[in-house]
S.K.: 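To start, I am sharing the structure in question, which I have written as structure tokens.
Residue numbers begin at 1 in each chain, while the letters A, B, ... track the order of the sequences.
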There are 2 protein chains.
Amino acid sequence: MDYTRDNMAGLLRSHDINPTHQRIEIAHALFSRQEHLSADQVMAIVNTRHSETSKATVYNTLKLFLEKGLVREVIVDPSKVFYDPNTSPHHHLYEVDSGKLSDIDAGHVQISGLPPLPEGMVTEGIDLIVRVRRNG
Amino acid sequence: MDYTRDNMAGLLRSHDINPTHQRIEIAHALFSRQEHLSADQVMAIVNTRHSETSKATVYNTLKLFLEKGLVREVIVDPSKVFYDPNTSPHHHLYEVDSGKLSDIDAGHVQISGLPPLPEGMVTEGIDLIVRVRRNG
DNA sequence: TCCGGATATTAGACAAAGTCCAGATCCGTG
DNA sequence: CACGGATCTGGACTTTGTCTAATATCCGGA
Ligand SMILES: [Mn+2]
Ligand SMILES: [Mn+2]
Ligand SMILES: [Zn+2]
Ligand SMILES: [Zn+2]
């Protein structure tokens, strides 16, 4: 099962998203690469040949994907949000200098000893980000 | 030892920062409150009585404090950076709805099983953010 | 097929955070 | 006082993201 454009329609439907041409292109950009992309990067990829999708649609669509749980948001860089097609629980390694962002498998990572949450609060997610830089 | 303006000068000097009037005011805003503040909030605090410090100076000064290790940056909200006068290792609890950011003591929290870093990389920091929302 | 409403897309104006620069100001030293 | 380096400043500028009103597309029923 690979991430062809044709398969994107089903993926979108399975997340209760009406598959339009633009949405398929944006999903394809994210899922065929399996990379963390900013809105800007998505915009550039989707419009490589000629301009096909507006900025408003890129932002609207990424927000929709997020709401529907198709992608995840990763906040590591103060200047832009990254969108992550990998929604299974995992962590991130961020290279501060290059801006390169990669996944850390949740497999063996264990976080223990967190204090109880304040009354009436529920966890939405736990983000673990390892910030690294080139040694020198 | 409390965070009076007079004590700020020594704190700045001990971090190799030339204590100017503006820098003392900005340090005082952060350290007397011991809260996470955005540049915008610092700006507002410092200029409550009448305008005393420019936007450029607030941004320059916060960046200087960061470089000198006097404060820490917390990236949790895609729309603004928070500055943290607490530089000892600790984690964060972020209330997504209200935007409220609070500290989690590093005391009993343990993170284990992280994979080895890529060759030639060195850890700059590990950020653990617990995102919570009001139950309902 | 044609119609009408709902849904989706668009250009471009707008907002907010942050950066940059050239000129002014401050301040310690001679 | 004069000089020079460090600091500060207003305001233009950039980037990321939001909003809106107009248009386009889709789709079920007559
Ligand atoms: Mn310190
Ligand atoms: Mn922004
Ligand atoms: Zn990821
Ligand atoms: Zn903190």
S.K.: Rounded to the nearest 0.5 Å, how far apart are CD1 of Ile129(A) and CD1 of Ile129(B)?
M.R.: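 It is 4.5 Å, given to the nearest 0.5 Å.
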S.K.: Which nucleotide in the set dT16(D), dG17(D), dT9(D) lies at the smallest distance from any side-chain heavy atom of Asp40(A)?
M.R.: dT16(D)
S.K.: Quick one, which residues of residues 59-76 of chain A touch DNA chain D with a heavy atom under 4.0 Å?
M.R.: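 Only Tyr59(A), Lys63(A) qualify.
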S.K.: Please list each protein N or O that sits under 3.5 Å from an N or O in nucleotides 22-29 of chain D, with the distance.
M.R.:
none

S.K.: Rounded off to whole Å, could you give me the OH-to-P distance for the Tyr83(A) and dT16(D) pair?
M.R.: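 After rounding, the gap between these two atoms is 13 Å.
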S.K.: Taking only N and O in the side chain of Ser54(B), is any of them less than 4.0 Å away from OP1 or OP2 of dT9(D)?
M.R.: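 The answer is yes; a side-chain N or O of Ser54(B) sits under 4.0 Å from OP1 or OP2.
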S.K.: Give one of base, sugar-phosphate or nothing for Ser38(A), where a contact means two heavy atoms less than 4.0 Å apart.
M.R.: nothing
S.K.: Is Lys55(A) close to Met43(A) at the side-chain level, that is, under 4.5 Å between some pair of heavy atoms?
M.R.: yes
S.K.: Could you list the residues that satisfy side-chain contact (heavy atoms from CB on, under 4.5 Å) with Glu73(B), not counting sequence neighbours?
M.R.: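 By the side-chain contact (heavy atoms from CB on, under 4.5 Å) rule, Glu73(B) matches Leu66(B), Ile75(B), Val81(B), Tyr83(B).
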S.K.: dC26(C) phosphate, OP1 or OP2: any side-chain N/O from Gln22(B) under 4.0 angstrom?
M.R.: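 So the side chain of Gln22(B) is outside the cut-off, no N or O lying under 4.0 Å from OP1 or OP2 of dC26(C).
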S.K.: Please give, in whole Å, the distance from dT19(C) C1' to Asp77(A) CG?
M.R.: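 It works out to 15 Å between those atoms.
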S.K.: Provide, to the nearest angstrom, the distance between the CD1 atom belonging to Ile24(B) and the C1' atom belonging to dC27(C).
M.R.: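 Roughly 14 Å, once rounded to whole Å.
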S.K.: Applying ring pair (Phe, Tyr, Trp, His ring centres under 6.0 Å) as the test, list every pair that has at least one member in residues 33-81 of chain A; sequence neighbours left out.
M.R.: His36(A)-His92(A)
S.K.: How many whole angstroms separate atom CD of Glu52(B) from atom P of dT25(C)?
M.R.: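 Roughly 17 Å, once rounded to whole Å.
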S.K.: Tell me: CD of Gln41(A) to C1' of dT15(D), nearest whole Å?
M.R.: 14 Å
S.K.: Enumerate the side chain to side chain donor-acceptor pair (under 3.5 Å) contacts for residues 125-136 of chain B, please, sequence neighbours excluded, ordered by first and then second residue.
M.R.: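 Residue pairs with at least one partner in residues 125-136 of chain B: Glu124(A)-Arg133(B), Asp127(A)-Arg131(B), Arg131(A)-Asp127(B).
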S.K.: Round to the nearest Å and state the distance from Glu25(A) atom CD to dA8(C) atom C1'.
M.R.: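 It works out to 16 Å between those atoms.
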S.K.: Can you figure out which of dG17(D), dC20(C), dT9(C) approaches the side chain of Thr57(A) most closely?
M.R.: dT9(C)
S.K.: Answer yes if the side chains of Ser88(B) and Asn86(B) hold a donor-acceptor pair under 3.5 Å, and no otherwise.
M.R.: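 There is such a pair (donor and acceptor under 3.5 Å, judged by atom type) between the side chains of Ser88(B) and Asn86(B).
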S.K.: How do His21(B) and Lys55(B) order along DNA chain D: which one's closest nucleotide is nearer the 5' end?
M.R.: His21(B)
S.K.: With sequence neighbours left out, which residue pairs that include part of residues 10-34 of chain A fulfil the salt bridge (Lys or Arg N to Asp or Glu O under 4.0 Å) condition?
M.R.: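 Matches after skipping sequence neighbours: Arg5(A)-Glu25(A), Asp16(A)-Lys68(A).
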S.K.: Can you check the Lys80(A) NZ to dG17(D) C1' distance for me, whole Å?
M.R.: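 From Lys80(A) NZ to dG17(D) C1': 13 Å.
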S.K.: Send over the distance from Phe82(B) CZ to dA17(C) C1', rounded to a whole Å.
M.R.: 13 Å
